[in-house]
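Would you mind keeping the following structure in view while I ask a few things?
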Amino acid sequence: MKIAVCVKRVPDMDVRFRIAADNASVDEAGLKFDLNDFDAWGVEAALKLRDANAGSEVTVISLGPDVVQETIRKALSMGADKGIQLKADKVPFDGLAIAKALAEELKSGAYDLIFFGKMSPDSANGVVGQMVAELLGLACVSAISSLEIANGKGKAKRELEGAQEIVEFPLPAVLTVDEGLNQARLPSLKGIMAAKKKPLVVKAAQLPQSQLTVRKVELPPERQAGRIVGEGAAAVPELVKLLQTEAKVL
Amino acid sequence: MPNVFAFVETRGGEIRKVGLEAVTAARMLADKLGGGEVHALLMGPSGVAAKAPQIGEHGADLVIVVENAGLANYNPEAATATAADRIKSGGYRAAVFSTTAQGRDLAPRVAARLGVALVTDVLSFDVDGDAIVVKHPMNIGKVIATIAINSQPAIIAMRPNVIAPAKNPKAGRVESAQPAADPAASRVKVVETRQGSGGKLDLAEAPVVVAGGRGLKAAENFKLVEDLAAAFGNAAVGATRAVTDDGWRPHSDQIGQTGRLVSPELYVAVGISGAVQHLAGMRTSRTIVAVNRDKDAPIFKVADYGIVGDVFEVIPALTEAVREAKKHH
Amino acid sequence: MPRELKVLPSAHQAPLPLDKLILTEPPDAEAVPMDVLFVGGGPAGLAGAIALARLVKADNEAGGDLGDIQIGVLEKAGALGEHSLSGAVVNPIAIRALFPELKDGDFPFRAPVAGERVYFMTESRAIRMPTPPTMQNHGYYIGSICEIVRWLGEKAEGLGVNIFTGFPAASLLTEGQRVTGVRTTPSGLSRTGEQGSGYTPPTDITAQITVLAEGTRGTLSQAYMQWQKIASDNPQIFALGVKEVWETLKPLDAVVHTLGWPLPKDCFGGSFMYPLTRNLVALGLVVGLDYKRTTDDVHEMLQRMKLNPLFRDILESGEMVEWGAKTIPEGGYYALPKRRHGDGLMIVGDSAGFVEVASLKGIHYAMQSGMFAARAAFDALKRKDTSAATLREYDTMVDGSFIVEDLRRRRNMRLAFQKSGFYTAGLKAGIMTVTGGALFGGKIESHQDADVAREVKPPTPFTPDGKLTFSKLDAVFKSGNATRDDIPSHLLVGPDITADVAELYTHMCPAGVYERDGERLVVSPANCVDCKATDVIGPRWTPREGGSGPKYRQM
């Protein structure tokens with residue numbers, strides 16, 4: 001099987017972010033970056049399939065400037081076989097632009113499966129995998145939390161709100177991966193050493209013009225002080241109303 | 001005057017609350033654009049046409065009804081083809097979807113097919129000259145971006161619960177149509193939609209977390225917390241360290257001893273005093289509700305809304321009320 | 001006459017588990033082979049790796065026959081710098097020697113020291129004192145050791161050094177008297193020791209030369225010295241430093257050191273406050289672990305200290321962005337191990353005790369010692385002889401350098417405080433400095449911190465306000481510690497833990513790992529920030545799963 005996994009380098013979310021001087025981006029000074037967790041689960045899924053199907057190969061692809069090579073190397077340390085960097089100065093916010101550049105690379109790969117993470121926590125749109133599938137005319141199942149592949153066909157589970165979908169699909173297919181599918185393996189020391197020798201090809205990305213402009217980026221308003229809504233079960237209707245109308249979580 | 005398209009999400013032949021939110025949003029956007037029409041697409045199995053009037057009541061001038069036996073479950077390829085076709089032929093200025101599991105699957109496909117950009121998880125929208133400008137949370141909600149959509153149609157997927165469905169009756173003309181692609185020919189087949197969460201939602205990912213503490217008095221009383229979580233439908237159950245140390249709940253349920261970040265949309269603390277051990281792990285939740293019999297419990301300092309009372313009275317009442325509220329989703 | 005209860009920490013300490021730390025079985029068949037392995041990715045290990053890589057590169061370019069030398073750096077934190085903590089005011093002598101082609105402006109420092117002030121504090125006042133000669137920092141730079149380490153890491157990677165983060169060394173592999181490599185810790189074990197789904201077994205790494213650069217109170221360094229029966233004139237003693245980084249609205253324009261309150265008069269220590277930028281301030285309190293009461297609590301002392309107007313004025317309406325803690329070896333010259341090398345092994349940096357406590361300096365000694373180890377390793381590789389006889393060159397270089405010269409000159413500073421009251425000792429320290437150690441320079445006997453008995457005293461109640469002062473749990477949250485809660489305990493609790501011993505541990509640990517619950521001791525190992533205070537006077541610290549512990553960014 002030929003398997004591809006598209007991966008993204010994302011900042012650690014466990015920090016307080018600062019707005020950059022241009023007010024239209026997040027200040028990257030001091031941020032720590034790593035392979036997107038969702039993409040790591042995609043890499044893990046690909047590696048499991050490769051190991052179960054002799055003669056298979058996993059290629060990892062990432063769009064962006066040279067620093068993304070670190071992220072590709074991490075996937076290679078986990079066990080992926082080859083890496084491709086689609087070189088671009090910046091990763092655009094517009095998912096369609098990214099999808100077009102990736103599709104351009106993927107279309108000649110004759111991949112049986114292409115994995116994406118369901119979303120990346122920074123831009124948080126969760127669209128690229130589905131768009132690539134559409135551009136390549138491939139079957140696509142998004143946000144899978146379980147997966148079985150056999151005889152050129154697949155079966156996956158998707159979490160809905162308070163329900164689940166069981167989906168069947170043929171190969172070749174694009175799959176986007178959600179939490180719960182697996183636990184990504186940690187790179188072993190041997191894996192880290194071996195990754196240094198695996199091929200990592202750099203190509204120019206064919207990035208089209210973006211159709212979205214990020215005009216401004218700002219911190220959300222400060223948390224307001226809370227209040228006691230009432231006492232006992234009698235306060236429940238008021239609470240529910242507030243959750244619906246004010247907090248908008250119900 | 002520019003028209004706006006809305007995709008009305010359904011499940012099991014019923015319109016979901018987010019579907020009406022999408023129509024309401026489309027109506028608001030159409031009005032901002034000058035008062036054009038809202039055309040809504042309703043897809044489902046036979047009988048779904050009977051739901052069309054609701055859509056008109058919420059501001060749709062036209063409801064395109066596509067009924068087909070093959071649409072009993074979500075059919076990604078038929079939905080994509082149908083929505084994309086209608087949006088293209090209709091020359092809409094904008095199209096509104098919902099950021100649900102289904103919407104996240106559908107909207108990007110439609111956008112890609114039309115060659116236009118998409119912003120999901122939209123918090124609000126506005127019109128600024130030629131551009132439609134939206135707000136969208138980034139970096140797990142720690143940052144809010146304002147984005148101008150330069151393509152037409154501008155495709156957006158609304159975050160659930162930010163636009164309340166509003167009655168605003170319009171013509172609601174019904175047009176029957178066929179799916180633009182045969183549902184039976186779809187490569188991707190949804191073979192089953194199972195109600196109820198089969199797998200446990202992970203604490204770190206669940207949009208709602210209901211957590212219980214010592215105030216529940218005994219392990220078997222945790223059923224109150226489980227019932228409330230079940231009423232929400234998309235909630236994970238958590239516990240304080242005191243409770244997991246005592247063996248009432250497994251350690252995997254424990255929230256925040258050493259900064260393990262749990263950041264749901266809604267956090268409900270049941271019988272939790274709010275000792276620092278716990279707060280450190282859930283403080284960044286978007287909305288915090290606390291129920292405790294002690295009005296001086298520290299948890300009330302971080303909670304957005306609190307009820308002082310006996311959890312054994314309040315929680316069952318809250319569970320019932322949540323079940324009622326969710327019925328219309 | 002009321003009987004005074006005392007707790008003797010050493011009576012309750014578990015011994016070092018030598019059988020687990022020193023392994024005699026042959027390495028695993030799948031062992032990863034390195035030529036030189038640095039255990040620890042701090043300034044000492046990284047400077048050593050860089051220096052060695054450069055020496056090898058120059059030699060190969062000049063036609064030498066070393067060929068491809070694999071240099072590895074093992075770091076227990078998930079990323080370089082995450083377990084590094086210091087003040088810091090850095091003497092640039094070593095980094096300049098390591099990078100002679102760079103200028104001071106190229107180094108990862110924040111700012112040169114512009115002004116300095118020393119104060120004697122009482123609870124409500126701060127009285128300006130003349131700056132003692134030991135604390136003069138003109139010509140030095142304020143910096144964050146995290147930033148320095150990350151910068152060194154990039155340089156090392158650029159030179160082809162293999163940096164393995166998230167891989168703690170759990171044991172030394174040995175053959176006879178020779179160290180042949182290390183074995184890393186496993187990961188993915190549950191609290192009860194079972195293998196979870198993410199289980200990764202230990203990895204063996206073999207090396208011709210292993211350089212222990214573990215930092216303060218290094219576990220393998222202690223094990224090696226105990227195994228090899230390496231003595232020192234005095235036992236090593238330690239101080240605990242608790243540190244915070246604050247974003248402030250009021251600017252700070254000078255390097256500040258204080259003595260006096262809130263330290264009890266019989267406690268050695270003092271505080272520091274340094275401007276990283278005008279509005280980013282690093283401050284901390286350093287207290288000797290030979291304190292005299294079971295309930296002396298360094299974290300709480302730091303919190304109280306911030307209420308003094310000297311600190312309060314700067315910090316008020318600012319925000320604490322990071323918190324951390326680490327011990328500092330304070331024994332100085334007489335506590336240096338007699339031998340810091342062996343067959344296939346060298347010990348560098350804090351693990352060897354190269355810290356000068358009076359001036360709070362250790363980073364440049366760490367780097368310089370790493371560079372000496374690199375030189376010795378290079379010579380050993382060239383001669384194809386990595387035995388102790390050849391590696392002795394390392395000790396010779398260190399002994400003849402400013403490292404030992406500086407430590408010798410200040411050899412009794414700290415120990416004077418163990419023996420005399422604070423003011424007498426201060427006077428003696430002053431005289432020592434002025435006379436270059438000629439007066440009061442005879443070796444003062446000292447005892448291990450764990451052998452200092454502590455009086456049982458009730459704790460002073462302390463209620464943090466959550467704005468200027470913080471509880472230990474709030475503080476640990478700010479260390480970036482996100483260790484999984486069900487991690488197995490890495491702490492070896494000793495015998496006979498009474499309520500008073502539990503109380504001692506509760507106050508000793510700045511991160512709230514230990515809590516006294518009635519008569520028993522409750523241990524929350526996930527809180528641990530690897531400061532090592534516990535290893536000095538409490539339960540023994542052992543290496544645990546990689547990536548555990550704090551995630552310091554600007555400490």
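By convention in this document, chain letters (A, B, ...) are assigned in the order of the sequence lines, proteins followed by strands, and residues within each chain are numbered from 1.
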Out of Ala124(A), Pro237(A), Gly180(A), return the one with the most heavy atom pairs under 4.5 angstrom to chain B. Ala124(A)
Quick one, Tyr305(B) and Glu246(A) - any side-chain contact, counting heavy atoms below 4.5 Å? yes
Val240(A) vs Glu324(B), test: side chain to side chain contact (heavy atoms under 4.5 Å, CB included). Steps then yes/no. CA-CA 10 Å; Val240(A) 171; Glu324(B) 259 316 295; over 6 Å; no
Met131(A) and Leu118(B) have their tightest heavy-atom pair at CE-CB, 4.0 Å
Val133(B), part contacting chain A, at a heavy-atom distance under 4.5 Å: side chain
Evaluate the side-chain proximity of Thr287(B) to Leu243(A): yes if any heavy-atom separation is below 4.5 Å, no if none is. yes
Tell me the closest heavy-atom pair linking Ala325(B) and Gln244(A), and the distance in Å. CB-NE2, 3.6 Å
Residue pair Ile149(B) / Gln211(A), side-chain heavy-atom distance below 4.5 Å: no
Option among Ile307(B), Val308(B), Val314(B) that satisfies the side-chain contact (heavy atoms from CB on, under 4.5 Å) test with Glu231(A): Val308(B)
With a 4.5 Å heavy-atom cut-off, do Val190(B) and Glu168(A) have their side chains touching? no
Has Arg18(A) got more than 12 heavy atoms of other residues, nucleotides or ligands less than 6.0 Å from its CZ? no
Would you please test Glu218(A) and Lys135(B) for side chain to side chain contact (heavy atoms under 4.5 Å, CB included) and show each step? CA-CA 10 Å; Glu218(A) 59 199 325; Lys135(B) 285 211 196 295; 3.4 Å; yes
Among Glu265(B), Glu320(B), Arg113(B), which has the most heavy-atom pairs under 4.5 Å with chain A? Arg113(B)
Would you say NZ of Lys155(A) has more than 12 non-hydrogen atoms from neighbouring residues, nucleotides or ligands within 6.0 angstrom? no
Closest heavy-atom contact between Asp105(B) and Gln130(A)? O-CG, 4.0 Å
Choice from Arg159(B), Arg104(B), Glu313(B), Arg293(B) maximising heavy atom contacts with chain A below 4.5 Å: Arg104(B)
With the side chain counted from C-beta on, respond yes when Cys140(A) and Arg109(B) share a heavy-atom pair under 4.5 Å apart, and no when they do not. yes
So what's closer than 4.5 Å to chain B heavy atoms on Val26(A): side chain, backbone, both or neither? side chain
With a 4.5 angstrom heavy-atom cut-off, is it the side chain or the backbone of Ala143(A) that approaches chain B, or both, or neither? neither
Just wondering, do Leu239(A) and Val289(B) contact through their side chains at under 4.5 Å, heavy atoms? yes
What option among Pro137(B), Ala317(B), Ala148(B) has the most heavy-atom pairs under 4.5 Å with chain A? Ala148(B)
Please identify, among Val311(B), Thr100(B), Val291(B), the residue contributing the most non-hydrogen atom pairs under 4.5 Å to chain A. Thr100(B)
Side chain / backbone / both / neither for Ala131(B) at chain A, heavy atoms under 4.5 Å: side chain
Chain A heavy atoms under 4.5 Å from Pro316(B): which part of the residue, side chain, backbone, both or neither? neither
Ala154(B), Ala117(B), Ser186(B), Pro108(B): which one forms the most heavy-atom pairs within less than 4.5 Å of chain A? Pro108(B)
Checking Lys248(A) side chain against Val162(B) main chain: does a donor-acceptor pair fall under 3.5 Å? yes
Tell me whether Lys295(B) contacts the main-chain N or O of Ile228(A) through its side chain, where contact means a donor paired with an acceptor under 3.5 Å. no
Under the salt bridge (charged side-chain N to carboxylate O under 4.0 Å, His left out) criterion, do Arg227(A) and Asp304(B) qualify, and how do the steps go? CA-CA 6 Å; Arg227(A) 60 189 190 271; Asp304(B) 298 289; over 6 Å; no
How many angstroms lie between atom CD of Glu192(B) and atom CD of Gln164(A), to the nearest 0.5 angstrom? 9.0 Å
Side chain, backbone, both or neither of Ile98(A) within contact of chain B (heavy atoms, under 4.5 Å): neither
To the nearest 0.5 Å, what is the distance between NE2 (His136(B)) and CZ (Phe93(A))? 4.0 Å
Do you know which of Thr120(B), Thr99(B), Asp121(B) makes side chain to side chain donor-acceptor pair (under 3.5 Å) with Asn125(A)? Thr120(B)
Could you walk me through whether Thr80(B) and Glu134(A) pass side chain to side chain contact (heavy atoms under 4.5 Å, CB included), step by step? CA-CA 10 Å; Thr80(B) 303; Glu134(A) 198 60 36; 4.0 Å; yes
For a 4.5 angstrom cut-off between non-hydrogen side-chain atoms, does Tyr74(B) reach Glu165(A)? yes
Okay, side chain of Asp122(A), backbone of Asn139(B): is any donor-acceptor separation there less than 3.5 Å? no
Is Asp22(A) atom CG crowded by more than 12 heavy atoms from other residues, nucleotides or ligands, each under 6.0 Å away? yes
Where does Phe300(B) contact chain A at under 4.5 Å (heavy atoms): side chain, backbone, both or neither? side chain
Which heavy atom of Ala112(B) sits nearest to which heavy atom of Leu135(A), and what is that distance? O-CD2, 4.3 Å
Heavy-atom contact with chain A under 4.5 Å, split by part of Asp310(B): neither
Determine the option with the most heavy-atom pairs under 4.5 angstrom with chain B, choosing from Ala247(A), Ala235(A), Ala24(A). Ala247(A)
Using heavy-atom distances under 4.5 Å, tell me whether Val10(A) contacts chain B through its side chain, its backbone, both, or neither. neither
Against chain B, work out which of Leu96(A), Val167(A), Thr213(A), Val127(A) has the most heavy-atom pairs shorter than 4.5 Å and name it. Thr213(A)
